[in-house]
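Every chain is numbered from 1 and lettered A, B, ... according to where its sequence line falls, protein lines coming before strand lines.
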Amino acid sequence: MRWSQSFIPTLKEEPSDAEVPSHRLMLRAGLIRQLMAGAYTYLPLGYRALRKAEAIVREEMDRAGAVEIHMPAIQPIELFERTGRIHSFGNVLIHFDVARRGQKVRLALGPTHEEVITDLISRHVSSYRQLPFTLYQIQTKFRNEERPRFGILRTSEFLMKDAYSFSASVEQLDQAYQAMYDAYCRIFSRCGLEYVPVEAESGPIGGDASHEFMVPAPNGEDRILRDTKSGYAANIERAVTGRRPSPVPAEAPADAPPMKSLDTPGTTSIEQVSKLLKCKPHQMIKTLIYLAINEFRGGRPQPVAVLIRGDHEANENKIRRVLGAESLELADEETIQKVTGAPVGFAGPVGIRCPVIVDHDIPLMEKAVVGANAADAHLVGVRIGRDWLPSTVGELQAVSFKIEGNADDRTTFDLRNAAPGDPSPKGDGTLELVHGIEVGHVFKLGAKYSVSLAATFVDEKEQSHPIIMGCYGIGVNRILAGLVETRHDADGIIWPISVAPYEVVVVPLNVQDPPVMELAERYYRELQDAGVDVLLDDRDLRAGAKFKDADLVGFPLRLVIGGKGLQDGVVELKWRDQPEAEKVPVADAVAAVRRQVAERQAALKAV
RNA sequence: CGGGGCGUAGCUCAGCUUGGCUAGAGCGCCAGCUUUGGGAGCUGGAAGUCGCAGGUUCGAAUCCUGUCGCCCCGACCA
């Protein structure tokens, strides 16, 4: 392609409404243009890069044994009603009515395709002998993001590879999951992307295992905790704190001063109380009243007090799992009034009338500031063991929480988000916090959709079972955004050769100079014939402008033909990620480019 | 959905507080001359319903009301 014939609107100045590097640079390099919030046009260079990433995804999915199909983006909303996801997606699902022969047809634009594919499979699979298999597609998805942001990192329309595995057994699911996991590692490596697979929360609905593939980047929206020593990494929802159960003291030292009640009118938050009483949040205990719904109680909500150190964040998934509850929500005002005898904001463990569970860190606090279970008051100098005790295992079991252990024991649990500095759950390292961009997700779905959409098979004993599913997504656009976000310098993007819009840019410094231009044209032709992906910068611009543009777009290899070099019989080869250029004799340039490009490509493919 | 910011030429912005001459600059664009290895110089030129609607006024980019759009922080995000 000749630069003059393509459409590459580079910008010299920073666009005013872009802040993160990927957004800024993709606009400036002429890769994308915004149509509206959350929707971008891919211009020639951006689209080429996107298609290269897509091709790598496709190759590796095929290699992993997945089979490509293509499903409609428009879907009957009835499918989402059957799975209940019309509610769980809520406003994110884009749906609308159309008229057909006077009838109203209710449509949705696919935010993902579990419903469509499970419906399809339910009609055509009936025996274990047809299983297992994995299907995938690469297609535009639509989600009405409440707040699109960061350029193409978070948009309402995006290109996604979504794969679905169908298995007759958990063993088959595990195999399909591992095949996808391995394929993802190859995909991101081949794309030249630095990535970390992290353990992820599989959410309240189904599934028991899930990994997210994260690109560590300061602008990532996800927070992950990792310990580089042991290789442990998990998203903040999932990360285990590495704390052990702490012994609950039975009493306090004899000379410890008794607890004291202080007036704290209108101070209901940790922040307010710490300010008023001049204490630090980590000297306080947060008492959160939850309502747990447990099937054994016939769905009747059971209040429970959860105690967390003041500077920590409660993790509802961990609490729910500890209690073995179906669902969990913060208690309403009425319940709090009933349990604490006080309005919201003054709950504490002393004298509370519901079961109490505590985080591992709580007994480590010698004394603490807590709510007084009375309006406008807090207690200071409160000691566990003397002033209050957590519930015993037996007491918790009695209200039907599924907790193992000796009935008389009082124990502690991991109930909070892990934080940087916490000990790693593996090895002796500590956890550090990094931000990440989620580029992929593998997920053992289980039978959630096969049950609601009646996708079943019969086994060799003619017993009917729901098909066991897995789902596996990759945000193709985010591969590009992740690359630009992590591979750029002050001058522009630094593409890995595998997804660069062009592998080589041929730059004749003066298109008016016939010998220079003739050689450039010859290189262009010969490189094209050799299968090299080459762009000829045939614009009649000054050298400086061409160099700036080449650096901005970030072509991996630049081949410069200048009048002076030509007099010495040399041209110049420069890799975008190397500081120095290499001079090569005119006659050797094509061979050198072919060899070096092939080497770079091979290095990325070999992984 | 809460909080903040911004809409003036293709891009980046000034002008608005205190209403008043023909609405400006730099970059880009067009023509010409010079220049030719890191976004050149000179000369000339084209280009804006000042986001939109309404109001106040003799007069509105400027003041008021409404509305639309975009960006950022937060909430939300299988």
Side-chain angles (χ1 to χ4, degrees), chain A residues 9-20 23-24 27-28 30 33-40 80 83-93 110-115 118 141 143-151 153-156 158 160 162 164 200-207 210 212 219 221-223 235 237 438 440-446 448-449 452 469-473 475 490-492 507-513 516-517 537 539-553 558-568 570-572 574 581 583:
Chain A
T10 57
L11 298 173
K12 190 165 159 183
E13 302 200 55
E14 293 287 327
S16 64
D17 53 6
E19 298 204 348
V20 298
H23 191 196
R24 263 179 26 227
L27 284 170
R28 283 193 58 205
R33 280 297 179 270
Q34 184 181 57
L35 174 65
M36 58 181 204
Y40 287 83
F80 290 90
T83 60
R85 285 216 293 182
I86 188 165
H87 300 298
S88 47
F89 271 117
N91 199 31
V92 170
L93 185 67
T112 170
H113 279 70
E114 278 87 359
E115 279 82 359
T118 309
K141 298 288 192 268
R143 294 184 191 179
N144 178 38
E145 286 296 340
E146 287 293 327
R147 187 179 156 212
R149 63 183 122 178
F150 302 143
L153 271 175
R154 190 169 197 76
T155 54
S156 288
F158 54 95
M160 181 172 170
D162 48 322
Y164 306 90
E201 190 56 59
S202 37
I205 40 170
S210 159
E212 289 168 348
N219 288 306
E221 291 188 272
D222 294 282
R223 290 181 293 169
N235 73 18
E237 284 290 291
E438 183 186 348
H441 196 168
V442 291
F443 195 97
K444 291 184 188 175
L445 255 183
K448 175 174 160 56
Y449 297 101
S452 53
M469 292 174 57
C471 66
Y472 316 92
D491 293 319
V507 185
L509 288 183
N510 184 351
V511 300
Q512 309 283 9
D513 186 353
V516 167
M517 202 53 201
D537 187 354
R539 297 172 302 167
D540 188 4
L541 291 181
R542 297 175 65 81
K546 291 190 171 199
F547 288 142
K548 288 288 183 190
D549 269 350
D551 287 346
L552 177 60
V553 176
R558 191 179 77 190
L559 172 56
V560 175
I561 302 121
K564 288 178 191 162
L566 229 47
Q567 283 172 9
D568 301 336
V570 296
V571 292
E572 181 186 291
K574 178 171 181 310
K583 297 223 186 302

- Query: Is the distance between the ring centroids of A/Y449 and A/H113 less than 6.0 Å?
  - Reply: no

Residues A/N144 and A/N91: closest non-hydrogen pair is ND2-O, 3.1 Å

One should read off an interatomic distance between A/F443 CZ and A/M469 CE, to the nearest 0.5 angstrom, of 11.0 Å

Quick check: any donor-acceptor pair below 3.5 Å linking the side-chain of A/E13 to the base of B/G26? yes

Look through every strand shown and name the nucleotide pairing with [N] as Watson-Crick or G-U wobble, where both distances are under 3.5 Å.
N     : result
B/G48 : none
B/U18 : none
B/C33 : B/G41
B/C6  : B/G69
B/A25 : B/U12
B/C76 : none

Should [X] and [Y] count as an ion pair when the cut-off is N to O under 4.0 Å?
X      : Y      : result
A/R558 : A/E572 : yes
A/E13  : A/R28  : no
A/R24  : A/E19  : no

task: Would you classify A/M517 as touching base, sugar-phosphate or nothing, given that sugar-phosphate means primed atoms plus P, OP1 and OP2, and contacts are heavy atoms under 4.0 Å?
output: nothing

Assign A/P9 to base, sugar-phosphate, or nothing according to its heavy-atom contacts below 4.0 angstrom with the strands shown.
nothing

Once base and sugar-phosphate atoms are separated, protein heavy atoms under 4.0 Å mark nucleotides 32-38 of chain B, 5' to 3', with B, S and - as ---B-BB

Starting at atom [atom1] of [X], determine the distance to atom [atom2] of [N], rounded to an integer number of angstrom.
X      : N     : atom1 : atom2 : answer
A/N91  : B/A78 : CG    : P     : 14 Å
A/F443 : B/A78 : CZ    : P     : 9 Å
A/R24  : B/C11 : CZ    : C1'   : 16 Å

Q. Looking only at atom P, what distance separates B/C64 and B/G19, rounded to whole Å?
A. 11 Å

Write down the protein N/O and nucleotide N/O pairs, taken from nucleotides 69-73 of chain B, whose separation is under 3.5 Å; answer none if there are no such pairs.
unit_1: B/C70; atom_1: OP1; unit_2: A/A37; atom_2: N; d: 2.9
unit_1: B/C70; atom_1: O2'; unit_2: A/D17; atom_2: OD2; d: 3.4
unit_1: B/C71; atom_1: OP1; unit_2: A/Q34; atom_2: NE2; d: 2.9
unit_1: B/C73; atom_1: OP2; unit_2: A/R147; atom_2: NH2; d: 2.6

